[in-house]
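Following: one structure in structure tokens, then a few remarks.
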Amino acid sequence: MKVVTGVVGNDIHVVANRLIDLSLRARGFDVFNLGVNTYLEEFFDAAVETGADVILISSLNGEAEGWGREVRAIKSRYKTLDDIIMMIGGNLVVGSGNAEDIEPRYKNYGFDIVCHQIDLNTGLDMLEEFIKERNNP
Amino acid sequence: MKVVTGVVGNDIHVVANRLIDLSLRARGFDVFNLGVNTYLEEFFDAAVETGADVILISSLNGEAEGWGREVRAIKSRYKTLDDIIMMIGGNLVVGSGNAEDIEPRYKNYGFDIVCHQIDLNTGLDMLEEFIKERNNP
Amino acid sequence: MSLLQEEREIILSNEFVESFDFAEVTEFVKNASKDLFISHHFKNKPKGKMLVQPRGGFPTYKKQFELSEFFVKSNVDVLPLTIDSNTRLNDYATAQKMLRLSEENDVDMLNGYPLINHGYRTTRKMFTHFNKPVSLRHGTPDARLLIETAIASGIFEIEGGPITYLLPYSKNFPLDKAFLYWKYVERVCANYSGLNEPINRESFGPLTATLVPPAITIVVQLLEMLLSLEEGVKSFSVSFAQQGSMMQDAVTSEVLMKMARHYAEEIDCGDAAINLVYHQWMGAFPTNKDYAEQLINMSTVIAKLVGADKIITKTREEAAGIPTKEANAKTVANTQYTLGILNGLPKIVDAEEEEILTLEVQAIMEAVFNDPADTLWRKVFNCIKNGIIDVPFSPHIINHNNMITIRDAQKNIRIIDRGNVPIPDRCFKYERAQCDLTKDTTSIVNDIVHDIGIMQ
Amino acid sequence: MSLLQEEREIILSNEFVESFDFAEVTEFVKNASKDLFISHHFKNKPKGKMLVQPRGGFPTYKKQFELSEFFVKSNVDVLPLTIDSNTRLNDYATAQKMLRLSEENDVDMLNGYPLINHGYRTTRKMFTHFNKPVSLRHGTPDARLLIETAIASGIFEIEGGPITYLLPYSKNFPLDKAFLYWKYVERVCANYSGLNEPINRESFGPLTATLVPPAITIVVQLLEMLLSLEEGVKSFSVSFAQQGSMMQDAVTSEVLMKMARHYAEEIDCGDAAINLVYHQWMGAFPTNKDYAEQLINMSTVIAKLVGADKIITKTREEAAGIPTKEANAKTVANTQYTLGILNGLPKIVDAEEEEILTLEVQAIMEAVFNDPADTLWRKVFNCIKNGIIDVPFSPHIINHNNMITIRDAQKNIRIIDRGNVPIPDRCFKYERAQCDLTKDTTSIVNDIVHDIGIMQ
């Protein structure tokens with residue numbers, strides 16, 4: 001399985017990005033890491049280029065909310081990405097938000113898996129579970 | 001010159017006592033150090049025994065005020081001590097007192113030299129000055 | 001145990017003492033939770049972990065209980081029980097009166113916990129409730145009754161000793177009596193030590209906390225340890241306080257522990273556990289409370305550098321008097337945090353300093369052993385009397401006070417006048433060579449004043 | 001100086017730049033008070049004295065003045081001037097707008113002092129008034145105009161460098177350009193250095209402050225130093241931040257200073273002064289402010305143990321954002337107090353660790369020097385590009401990020417995957433032998449998360 005990952009927007013938080021990279025590799029994924037400070041379009045471009053199965057976006061500084069709203073609109077311009085698994089994790093709101101509100105909102109933006117302030121390994125377990133269920137429904 | 005020194009009353013502050021001892025010796029005095037926790041009578045007894053010229057009482061814990069009042073009464077019982085130089089130094093009141101009030105009060109108790117919160121060497125300079133003036137009036 | 005039993009009965013025949021049920025006490029100690037024994041914690045703690053112990057004692061059961069509860073919440077390792085000064089002077093009548101006044105008026109009329117008046121049955125309830133080791137801090141020359149009561153209460157660490165509790169605090173309590181009273185204490189501790197984990201004895205290394213040179217500190221620690229081990233004590237803590245120079249603390253620790261093990265072997269007590277306790281700075285504190293915290297933190301760092309097994313803490317309110325329980329708990333939490341983040345301790349060496357200090361300690365110890373008296377305690381007594389052991393700034397009349405020490409440029413405490421202490425010539429020359437001795441005595445006195453106040 | 005002069009004119013042709021009177025600036029530097037030069041203080045301070053420098057920058061002249069005044073009152077040795085992030089990105093228009101808003105509304109709209117917009121004539125008034133050395137803290141890849149303005153303002157210490165200000169902060173600023181921009185900075189500093197005391201350059205050793213192994217830190221320090229000295233700079237500070245293990249800090253300091261002197265000699269710059277700067281912990285801080293103070297105090301103790309010439313401080317409010325000036329001043333006062341009472345520093349040794357680290361640094365330096373490029377900066381550029389130099393957790397696209405580090409049980413940072421960095425086999429084996437590598441990658445990732453947060 002191929003995963004494109006990166007930190008969205010002007011966010012420069014590199015630590016989580018490196019750890020996601022390491023952990024995905026440890027779980028056997030092929031990783032294309034766009035690093036920090038990545039625009040939304042770059043994720044989709046990279047997914048098309050690499051034929052990725054998953055886009056894993058991380059965001060630490062709270063600006064994901066702004067970018068999230070544009071996901072459906074931008075993704076719809078790419079014809080081959082209908083089946084791609086969309087995942088986002090990190091701090092998904094500015095300040096303290098309510099997890100019960102956040103998850104449906106981001107699902108509504110077009111994400112399949114939403115991890116707000118969730119431990120990295122738990123998040124990746126969720127991803128593997130999601131993939132398994134999709135393959136053997 | 002012979003000096004009897006010590007810390008009056010239940011006061012156990014030994015540091016100043018040792019330093020007075022050292023400094024007096026450095027200035028050429030013969031020192032009879034009664035140490036801490038010394039009753040007023042012991043000073044006079046020691047002065048008679050040694051033929052001392054000076055009694056130097058120190059007090060740190062503030063209880064000198066209580067002992068001071070008894071100096072005249074007790075001293076008057078000793079016949080040979082009329083010319084002895086009486087000196088007291090340290091913290092001479094409980095809490096913070098006014099130096100201008102303290103000095104005359106202690107002089108009234110029978111002390112020739114009164115050093116309230118005065119640096120050790122300054123105090124001993126005062127003693128030497130007093131001795132010089134008395135010898136060459 | 002028959003002579004001991006006789007002495008015991010005399011001690012207990014006191015109107016303020018509850019009746020002792022020794023059979024019950026023996027059963028209690030035998031079955032007491034291991035957690036109450038600090039010796040058990042010393043043995044089983046992870047390597048490098050240091051136990052944290054604050055200070056503190058209040059007159060009433062209620063306030064002492066609250067203090068202990070507060071400490072436990074702030075992650076304390078060892079609870080203190082500090083005894084009031086009337087009890088230290090065996091004046092149980094006054095302690096009783098002041099305790100009653102404290103209880104009735106909610107004002108603390110005592111500077112510690114009057115253990116005899118509360119009694120062991122009551123006090124034991126408190127400490128078995130918390131199930132933490134308790135350390136008895138007192139300062140009592142005749143602590144025989146106090147220690148009986150403490151152990152019966154579940155207090156299994158006893159601080160003090162005939163030298164370290166006498167020379168810094170008393171002007172004329174007879175030292176020979178103190179040795180005999182403490183001999184009794186050692187025996188009681190030794191006897192109870194066979195029932196469960198050993199009772200831990202701890203010496204009070206800071207002494208006068210005023211320019212005491214490491215050689216004297218170490219000799220006194222070694223001698224109190226030997227006096228304890230020879231009575232059968234199986235767990236002993238030597239201790240010292242921050243001296244003002246990191247190097248000197250490191251060398252002191254090294255020499256103290258090496259020599260302690262050596263001399264314990266010499267008297268065939270190599271099986272006894274020997275622990276190291278470090279006291280945060282015991283001298284004058286800065287009145288600025290922020291600075292006090294810096295000093296406390298620095299003490300903690302040094303304690304870990306020197307490899308202490310336990311640290312006894314001060315508070316930011318040290319200069320202002322008896323600290324609040326909040327200030328005490330804050331120090332405990334801060335100290336635990338610092339110990340947690342303090343990692344990768346470097347190796348420290350100073351071969352020359354270590355050699356000099358070792359030679360000094362050996363020379364004094366040899367002089368003590370060479371005293372013609374028949375028992376160790378009499379040898380020690382004679383050596384204090386004749387100035388072979390001389391503790392700077394002791395108020396006690398028996399102490400010579402002829403040794404003079406000052407700090408060198410690195411703030412190491414150096415001996416510039418050895419009095420009658422048999423410091424070997426080579427060492428004495430070395431000590432003096434570190435100092436500027438061209439000054440006159442007046443300047444040196446000024447230096448001493450400054451050296452005492454270095455942390456202010 | 002003609003090529004430089006040409007470049008200079010291009011830089012100055014900017015609508016936000018005041019007109020430069022270089023003749024006047026030269027006269028100013030020539031006659032400036034020696035007290036303004038940190039190089040002068042480094043040279044003349046008593047042995048063992050460490051200069052204390054806080055952090056801080058405010059948008060308006062008024063607030064920056066007040067901050068400086070506050071620092072001077074709390075006994076600061078070096079004043080900081082932290083530049084806002086718009087200026088760092090050479091966006092003077094935004095800085096101008098935000099400065100005006102800050103002035104009009106008494107709200108800080110910038111996270112530092114916009115030096116270009118204030119200009120050197122104004123800023124110089126502030127710093128000649130206080131007559132203390134000032135250190136410029138920025139993070140600017142193209143700092144040419146900033147440094148011209150700084151020196152004209154009386155700021156005679158410039159932090160940064162082409163590697164240390166790029167790799168931790170930027171994703172894709174072109175590194176080759178950064179080298180050339182910094183070459184200009186070095187030359188300007190060198191040129192002014194002949195007029196009075198030298199301008200001091202300081203490298204930014206903490207890098208990403210995240211598990212950077214000492215070998216990488218040292219190599220980067222040495223290379224930025226060489227790039228600076230070869231342009232004629234005569235006073236240079238290498239630096240590093242607390243790493244989490246005292247031993248590793250001590251060894252890092254030892255190797256860094258030895259190698260710095262060695263390589264400076266190698267390029268015939270042995271006459272340059274080389275100073276050591278220590279940063280208090282730069283990683284994540286505890287949110288508990290009391291704990292933050294413990295950490296800060298511990299950093300100070302270590303700084304003195306490793307023999308730093310200057311320490312850069314943090315505040316108890318670190319975890320909460322930009323600290324108040326009161327918090328900053330409190331740290332300065334506390335740090336000065338701690339340095340004052342910290343005496344008798346022990347000798348620290350770890351011959352094996354020192355040997356291993358020396359071999360690693362030598363191997364990487366050799367690989368850099370063996371790069372076929374014609375100039376040192378090109379060699380360094382190539383070695384970053386090909387992963388011979390690899391900075392863990394750098395966000396920059398040029399950085400390989402193939403080196404993996406974790407902490408061993410003593411919290412030393414160890415290299416468990418060397419990527420393309422030429423760590424000698426023997427050293428690599430040693431590094432890995434210190435760690436538990438039986439774990440799976442998931443556990444190791446958990447360990448890394450834990451290792452990053454060790455002070456929390």
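Keep in mind that the numbers below use all heavy atoms, side chains included, and drop hydrogens, waters and symmetry copies. Below, chain A is the first sequence line, B the second, and so on; all start at residue 1.
Interface check for chain D: of the options C:Thr338, C:Asp350, C:Val349, the most heavy-atom pairs under 4.5 Å are formed by C:Val349. Taking chain D as the reference chain and counting heavy-atom pairs below 4.5 Å, the highest number among C:Gly340, C:Ala409, C:Ala250, C:Gly244 is found for C:Gly244. For the options C:Ile302, C:Ile348, C:Thr335, heavy-atom pairs under 4.5 Å to chain D are most numerous at C:Ile348. Ranked by non-hydrogen atom pairs under 4.5 Å with chain D, the options C:Leu345, C:Ile454, C:Leu342, C:Val301 are led by C:Leu342.
To the nearest 0.5 Å, atoms CE (C:Met298) and CD (D:Gln294) are separated by 13.5 Å. For the atom pair C:Lys330 NZ and D:Asp290 CG, the distance stands at 4.0 Å (nearest 0.5 Å).
Between C:Pro346 and D:Met246 the shortest heavy-atom distance is CD-CB, 3.7 Å. Here the closest non-hydrogen pair linking C:Gly344 and D:Ser245 is CA-OG, 3.4 Å.
For the pair C:Glu293/D:Asn334, no side-chain contact is recorded, criterion being any heavy-atom separation below 4.5 Å from C-beta on.
No more than 12 heavy atoms of other residues, nucleotides or ligands shown are found within 6.0 angstrom of NZ on C:Lys429.
Interface remark: C:Leu295 contributes backbone and side-chain atoms alike to the contact with chain D (heavy atom separation under 4.5 Å).
Residues D:Gln410 and C:Asn343 bring no donor and acceptor atom of their side chains to less than 3.5 Å of each other.
Of the possible donor and acceptor atoms, none in the side chain of C:Tyr337 sits under 3.5 Å from a partner among the backbone N and O of D:Pro286.
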